[in-house]
Protein chains: 2
Amino acid sequence: MDYENFSKQLKAISDPNRLKIVDLLSCGTLCACDLLEHFEFTQPTLSHHMKILQEAGIVSAKRVGKWQHYTLETSFITDFNKNVSTLFENGPECACHCKK
Amino acid sequence: MDYENFSKQLKAISDPNRLKIVDLLSCGTLCACDLLEHFEFTQPTLSHHMKILQEAGIVSAKRVGKWQHYTLETSFITDFNKNVSTLFENGPECACHCKK
DNA sequence: ATTAAACATAGACGCTTATCTATATGAAGT
DNA sequence: ACTTCATATAGATAAGCGTCTATGTTTAAT
């Protein structure tokens, strides 16, 4: 498995605030101002977090008028779940190369 | 859900080298010297990574003679999988508090 | 055209992290 | 007792991260 790539996904969501953002988006699309209401930090900080989530392929953005609409990437979820399975299970891709 | 706690688990495995360590341990118990053979870094660096994995409850250690035997904590795997489900699914614990 | 609202970018600051070298500890064999 | 092997600890360093303030950009409304 590609540890570097999986590592990037994990690092992107391993911040407690970004975890909450993903959790909020798991219910559906939200704009930045709606997201911001759930946090104590400033608007530029949210912008920074959203950029990280986008660059990791976790979230996609679409401008609608003045608003940025953020949506969870379903491809990320399936990819992530696949990586988790590969990591914990003793499969043929395991780094130990043992034949269980 | 407890974002702080889940964040600690994620940060502990979000290093590519520690991902590989977990992947290696998913096949069974290994000692430090066996693990070290799979990496380029030094022994103190491995010791550092193992400490982080232990403190996160991901790995347990047991001394057998001169060797430290490391084992993946099954409780971590179930806990982790549970957290992942809660995060991505639109459940009653979701931060948005919407009733889907 | 101005203004206001929503969001992004730039730069700075303090804290954390991954790695190293050097050294300590602890168990086992001679 | 001394040495050797396996592992841990200490301290240093460089890079990365989360946050802030200040400012820029873009869209829409007046």
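So you know, we letter chains A, B, ... as the sequences are listed, proteins then strands, and number each from 1. What you see below is based on every heavy atom in this structure, not just the backbone, and it leaves out hydrogens, waters and symmetry mates.
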K.L.:
Just the atom pairs and distances: protein N or O near nucleotides 15-18 of chain D's N or O, under 3.5 Å.
P.N.:
| from | atom 1 | to | atom 2 | distance (Å) |
| --- | --- | --- | --- | --- |
| D:dG18 | OP1 | A:Arg18 | NH2 | 2.9 |
| D:dG18 | OP2 | A:Arg18 | NH1 | 3.2 |

K.L.:
Tell me: CG of B:Leu36 to P of D:dC5, nearest whole Å?
P.N.:
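Value for this atom pair: 15 Å.
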K.L.:
Which atom pair, heavy atoms only, marks the closest approach of B:Asp23 to A:Leu87?
P.N.:
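Closest approach of B:Asp23 to A:Leu87: OD1-O, 3.4 Å.
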K.L.:
Can you give me the closest heavy-atom contact between A:Ile13 and B:Leu10, atom names plus distance?
P.N.:
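The pair with the smallest heavy-atom distance is O-CD1, 3.7 Å.
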K.L.:
What are the atom names and distances for every N/O pair under 3.5 Å that joins the protein to nucleotides 24-29 of chain D?
P.N.:
none

K.L.:
Would you say B:Thr42 places a side-chain N or O within less than 4.0 Å of OP1 or OP2 belonging to C:dC20?
P.N.:
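For C:dC20, OP1 or OP2 has a side-chain N or O of B:Thr42 closer than 4.0 Å.
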K.L.:
Please report, rounded to the nearest Å, how far the C1' atom of C:dT17 is from the CG atom of A:Leu10.
P.N.:
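Whole-Å distance recorded here is 16 Å.
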K.L.:
Determine the minimum heavy-atom distance between A:Tyr70 and A:Ala32, stating which atoms define it.
P.N.:
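For A:Tyr70 and A:Ala32, the tightest heavy-atom pair comes out as CE1-CB, 3.9 Å.
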K.L.:
Ignoring hydrogens, what is the shortest heavy-atom contact between B:Ile58 and B:Val22? Give both atom names and the distance.
P.N.:
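For B:Ile58 versus B:Val22, the nearest heavy atoms are CG2-CG2, 4.1 Å.
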K.L.:
Give the rounded distance in Å between these two atoms: CG of B:Leu30 and C1' of D:dA6.
P.N.:
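Distance, rounded to whole Å: 15 Å.
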K.L.:
Please pick, from C:dT21, D:dT21, C:dC7, the nucleotide with the shortest atom-to-atom distance to any side-chain atom of B:Pro44.
P.N.:
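Nearest listed nucleotide: C:dT21.
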K.L.:
Could you check if a side-chain atom of A:Cys31 sits within less than 4.5 angstrom of a side-chain atom of A:Gln68, using non-hydrogen atoms only?
P.N.:
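Of all side-chain heavy-atom pairs linking A:Gln68 with A:Cys31, none is under 4.5 Å.
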K.L.:
Please tell me if the side chains of B:His49 and B:Leu35 come closer than 4.5 Å, counting only heavy atoms from C-beta onward.
P.N.:
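When only atoms from C-beta onward are counted, B:Leu35 and B:His49 do not touch, as no gap falls below 4.5 Å.
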K.L.:
Rounding to a whole Å, what distance do you find between A:Gln54:CD and C:dT9:P?
P.N.:
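To the nearest whole Å, that distance equals 9 Å.
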K.L.:
Between B:Tyr3 and A:Leu19, which heavy-atom pair has the shortest distance, and what is it?
P.N.:
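It is O-CD1, 3.5 Å.
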K.L.:
Grab the NZ-P distance between A:Lys51 and C:dA6 for me, whole Å please.
P.N.:
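Distance check: A:Lys51 NZ to C:dA6 P gives 22 Å.
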K.L.:
Kindly say whether, by distance alone, the side chain of B:Gln43 makes a donor-acceptor pair under 3.5 Å with the base of D:dA8?
P.N.:
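When only heavy-atom distances are counted, B:Gln43 does reach the base of D:dA8 through a donor-acceptor pair under 3.5 Å.
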K.L.:
Considering non-hydrogen atoms only, spot the tightest contact between B:Ser7 and A:Ser14 and give its length.
P.N.:
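Residues B:Ser7 and A:Ser14, closest heavy atoms: OG-O, 2.8 Å.
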K.L.:
Check whether any side-chain heavy atom of A:Ile21 sits under 4.5 Å from a side-chain heavy atom of A:Phe39, and report yes or no.
P.N.:
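Of all side-chain heavy-atom pairs linking A:Phe39 with A:Ile21, at least one is under 4.5 Å.
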K.L.:
Please work out if B:Tyr70 contacts a base, only the sugar-phosphate, or nothing of the nucleic acid, heavy-atom cut-off 4.0 Å.
P.N.:
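Contact class for B:Tyr70: sugar-phosphate only.
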K.L.:
Please report the distance, rounded to the nearest Å, between CG in B:Leu35 and C1' in D:dA8.
P.N.:
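Going from B:Leu35 (CG) to D:dA8 (C1'), I get 15 Å.
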K.L.:
Using whole Å, report how far CG of A:Leu46 lies from C1' of C:dA8.
P.N.:
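Going from CG in A:Leu46 over to C1' in C:dA8 covers 11 Å.
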K.L.:
Rounded to the nearest angstrom, tell me the gap between atom CZ in A:Phe41 and atom P in D:dT21.
P.N.:
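Those two atoms, CZ and P, are 14 Å apart.
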